[in-house]
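Numbers for residues simply follow the sequence, beginning at 1. Note that this is a predicted model, so its numbers are computed, not measured.
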Amino acid sequence: MLERITTNITSASIFLAGYFLLNIVLRIALPHTLDLDEAEQSFYSQYLLAGYGPQPPFYNWIQHAIVSVTGITMWALSVPKNIILFGCYLFYGLAAREVLKNRLLAPVAMLSLITLPQVGLMAQRELTHTVALLFATSLFLFGFFRTLRQPTIGSYLVIGIATGIGLISKYNFAILPFAAFVAVLVDRKWRSRLLDWRLLPAFAIAILIILPHALWLPDNLISASAPTMERMTAEHEAAAGLPRIGQGLLSLVIAVLGFVALPIVLFAAAFRRDFFRALSASSPMIRVIERMMIVSLLAFVGVVIVAGASDIHERWLDPCLLVMLIYLFLKLETAGVDLSAGLARFRPVVPVFMVVILAILLFRIVGMQYTGVYTRTNVPFANFVDELTATRKPVLIVAGTKFVAGNMKLEFPDVPVVIPFFPGPGVPEYAAAKGPVLVVWRGETANDPTISPDFADDLVKSGIHLQEVKTLTLPYLFGDGKHTFSIGYSWVEGGAK
């Protein structure tokens, strides 16, 4: 059965589509409390802006367009994400088909993406902007390999579209086209691809895609870059100079190992001696991919040295190392070894990973009563809403964080949900509100709903004066009844005084 599925891209795509459909069904069946990225999308979907803060806006634009048609629902959040992920796998398979002569390898390479933890599990669990980055990376690899093998105006345009989408998905995508440019520039065989007139329309379409955000970025550079730099220098008290550089380089090495270790172990177990013999195989395409990966990682070394980054996350390496699985299959094929036995051992890995990932996604929510470690999805937001609105309904909701705002928006699709000073000054909607306004927030910890000084100050600046502050505490969903989560809230009348 698995052998039939992996005979071509079409069969593997149908199989993969069924898997993503299961992911959608599972997410709909689980509690509709949103995790951080989901809540952010729910909140931002109310706005169409050129920029939203520390993340580029591509995924937000897609989400806004869908919610504008369907309204905000769990389906509207889950279905687009899984379609984009499916597109990532599909274009990865098409990219593999451009460089692999053995037609049995391309569908296996496509499905093997699930063995990368950042793609198979993390992207499905909680990420959004990274999902768009993965899609753009696969699309870029497809256009890039197609251009090297058989350049057409279409292949160049794919590179331009992918570059535009990637740059407004995650800023670190910029490393990929730069690395591809350097890898081709030093290669005599394919250097002419950089002098082709068809590269000009590719540049043009990339610029058109990024232009709205590029015009917004110079005036908002601090808000766009500061949070990322804070995460990259997570150890705020880390020593400066050489110790910090050493810490950053060690973090980079650990991130690389974390990214590549599992698939390499699986390849070694499946192909055994053939895998180790294939490591020395080389070809012009292999050397181009090697240069791309090396240049990409050297760019991160530069970030560590120049920007002082001391905490590199694995998912930041997606545009650098996503190509690795194609690279490994290309090594095996170039070595000329018989791959039939290895492929027979490798194919069952894919459905096993699918089952394991679905089980993890389920158990991390419904099984937390056994560990006492609760996720944000276990927060009983629907129950909070039932309690808060038993006697009256808000005409406006003012939230303290995007996590709270996004969840409240999902519960109140027809009610504006705002955060002070986003996207403009104060809360202008409050002055126009005719009726009860619900102000709601969470504290620093699950059991401490104390309003933060910053949020309290923002409310006062917006003309919102809390008369009576209350708290509401409820047990976690699927919990043991002992672990609880608390929120703070206050009802006020709309209209700035």
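- Side-chain contact between Ile114 and Tyr19: present, with at least one pair of heavy atoms (C-beta onward) separated by less than 4.5 Å.
- Minimum interatomic distance between Thr147 and Arg193 (heavy atoms only, all atoms of both residues): O-NE, 2.8 Å.
- Nearest heavy atoms, Leu116 versus Pro263: CD2-CG, 3.6 Å.
- Aromatic ring centres of Phe381 and Phe403: separated by under 6.0 Å.
- For the pair Lys331 and Glu290, the salt-bridge criterion is met [side-chain N within less than 4.0 Å of a carboxylate O].
- Residues meeting the salt bridge (Lys or Arg N to Asp or Glu O under 4.0 Å) test with Arg277, sequence neighbours left out: Asp274.
- Remark: aromatic rings of Tyr44 and Phe422 are close, center separation under 6.0 Å.
- For the pair Pro57 and Leu49, the minimum side-chain heavy-atom distance is 4.5 Å or more.
- Between Arg287 and Ser282, some side-chain heavy-atom pair lies under the 4.5 Å cut-off.
- Remark: the Asp318 side chain and the Gln118 side chain contain no N/O donor-acceptor pair separated by less than 3.5 Å.
- Look at Glu38 and Arg27 and you find a salt bridge, because one of the NZ, NE, NH1 or NH2 atoms lies within 4.0 Å of a carboxylate O, short of that distance.
- In this structure, His313 has its ring center under 6.0 Å from that of Trp316.
- Note: Phe43 and Tyr47 have perpendicular aromatic rings, judged against thresholds of 30 and 60 degrees for the angle between ring planes.
- For the residue pair Gln124 and Asn82, a side-chain donor N or O sits within less than 3.5 Å of a side-chain acceptor on the partner.
- The shortest distance between side-chain heavy atoms of Val349 and Val352 does not fall below 4.5 Å.
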Just list the side-chain donor-acceptor pairs under 3.5 Å for residues 132-143, sequence neighbours left out, or say none.
unit_1	atom_1	unit_2	atom_2	d
Thr137	OG1	Leu133	O	2.8
Ser138	OG	Cys88	O	2.9
Ser138	OG	Leu134	O	3.4

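- Note on residues 174-188: pairs passing side-chain hydrogen bond (donor to acceptor under 3.5 Å, both in side chains), not counting sequence neighbours, are Asp187-Arg291.
- Here Phe346 and Phe267 bring their ring centres to under 6.0 angstrom of each other.
- For the pair Val350 and Phe15, the minimum side-chain heavy-atom distance is below 4.5 Å.
- Phe58 has its side chain out of reach of Ile209: every pair of non-hydrogen atoms, C-beta onward, lies at least 4.5 Å apart.
- Remark: aromatic rings of Tyr476 and His483 are distant, center separation not under 6.0 Å.
- In this structure the side chain of Ser155 reaches within 4.5 angstrom of the side chain of Thr152, judged on heavy atoms.
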